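Inspection log for the structure reproduced underneath, given as structure tokens.
Note that the structure is a prediction, hence the values are computed from the model and not measured. Note that these values count all heavy atoms, side chains included, but never hydrogens, waters or copies made by symmetry.
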Amino acid sequence: MKHTIIYTSDIHGNEVQYKLLFEYATKIKADSVIIGGDIAPKGFGWESYIPEQRTFLSKKLPELIKPWKDACPQSNLFLMMGNDDVAMNMDVL
């Protein structure tokens, strides 16, 4: 049985890259997408770093994933936080 997997990492909240990733996953009907770290944006000042990543993970990322999951509901998404992702936001995932 064939299982199509896409693996990527270090997207750092780049919405264009997320859109391209999930468009491709939809096109090839990927069974699984694995994002191996550094999923949230970086580069904010320390006072806003945690809330900005939290907002991205809780609001933006689901919006970016939704078209793929609507088109391929049986597909799986695996996410792993990386060194630039704030562990305090793990509960959002």
Side-chain angles (χ1 to χ4, degrees):
M1 183 167 107
K2 180 181 171 189
H3 192 83
T4 305
I5 299 171
I6 298 173
Y7 175 87
T8 191
S9 66
D10 298 283
I11 300 177
H12 293 287
N14 184 314
E15 293 181 38
V16 172
Q17 292 300 315
Y18 273 108
K19 287 177 184 176
L20 291 171
L21 169 65
F22 290 115
E23 285 173 5
Y24 182 66
T26 301
K27 179 180 176 181
I28 68 167
K29 296 180 178 40
D31 297 298
S32 297
V33 172
I34 303 168
I35 304 175
D38 294 338
I39 56 181
K42 65 177 188 173
F44 309 105
W46 284 111
E47 64 282 346
S48 63
Y49 200 84
I50 294 169
E52 290 289 343
Q53 284 199 354
R54 188 168 200 82
T55 298
F56 177 81
L57 295 171
S58 65
K59 295 188 171 44
K60 282 288 197 181
L61 187 58
E63 291 172 10
L64 295 165
I65 295 167
K66 188 176 181 344
W68 169 62
K69 287 302 289 181
D70 287 346
C72 304
Q74 76 290 349
S75 298
N76 299 299
L77 175 63
F78 300 94
L79 298 168
M80 178 175 66
M81 290 187 130
N83 64 311
D84 287 327
D85 299 317
V86 179
M88 184 177 282
N89 292 327
M90 180 73 81
D91 66 310
V92 176
L93 293 180

Would a single hydrophobic cluster contain both Ile6 and Leu61, if residues Ile, Leu, Val, Met, Phe, Trp and Tyr are joined by side-chain heavy-atom contacts under 4.5 Å? yes
Identify every side-chain donor-acceptor pair in residues 62-83 under 3.5 Å, counting partners at least two apart or on other chains, and give the distances.
from	atom 1	to	atom 2	distance (Å)
Lys66	NZ	Asp70	OD1	3.3
Lys66	NZ	Asp70	OD2	2.7
Lys69	NZ	Pro73	O	3.3
Lys69	NZ	Ser75	O	2.3
Ser75	OG	Ala30	O	2.6
Ser75	OG	Cys72	O	3.3

Which pairs pass side-chain hydrogen bond (donor to acceptor under 3.5 Å, both in side chains) with one or both residues in residues 5-17, sequence neighbours excluded?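 Sorted pair list comes back empty.
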By the side-chain hydrogen bond (donor to acceptor under 3.5 Å, both in side chains) test, which pairs, at least two apart or in different chains, include something from residues 24-38?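 For residues 24-38: His3-Ser32.
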How far apart are the closest heavy atoms of Tyr18 and Ile11, and which atoms are they?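 Between these two residues, the closest heavy atoms are CE1-CG2, 3.3 Å.
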Quick one: closest heavy-atom pair of Gln53 and Pro41, and the distance?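 Scanning both residues, the minimum pair turns out to be NE2-O, 2.8 Å.
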Can you check side-chain contact (heavy atoms from CB on, under 4.5 Å) on Ile35 and Leu21, steps first, answer last? CA-CA 10 Å; Ile35 304 175; Leu21 169 65; 4.0 Å; yes
Give me the other members of the hydrophobic cluster that Val16 sits in, counting Ile, Leu, Val, Met, Phe, Trp and Tyr linked by side-chain heavy atoms under 4.5 Å, directly or via other members.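 The other cluster members (ILVMFWY side chains, heavy atoms under 4.5 Å, direct or chained) are Leu20.
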Under 3.5 Å, which donor-acceptor pairs link side chains of residues 86-93 to any protein atom two or more places apart or in another chain?
from	atom 1	to	atom 2	distance (Å)
Asn89	OD1	Arg54	NH1	2.8
Asn89	ND2	Ile50	O	3.1
Asp91	OD1	Arg54	NH1	3.1
Asp91	OD1	Arg54	NH2	3.2
Asp91	OD2	Arg54	NH2	2.7

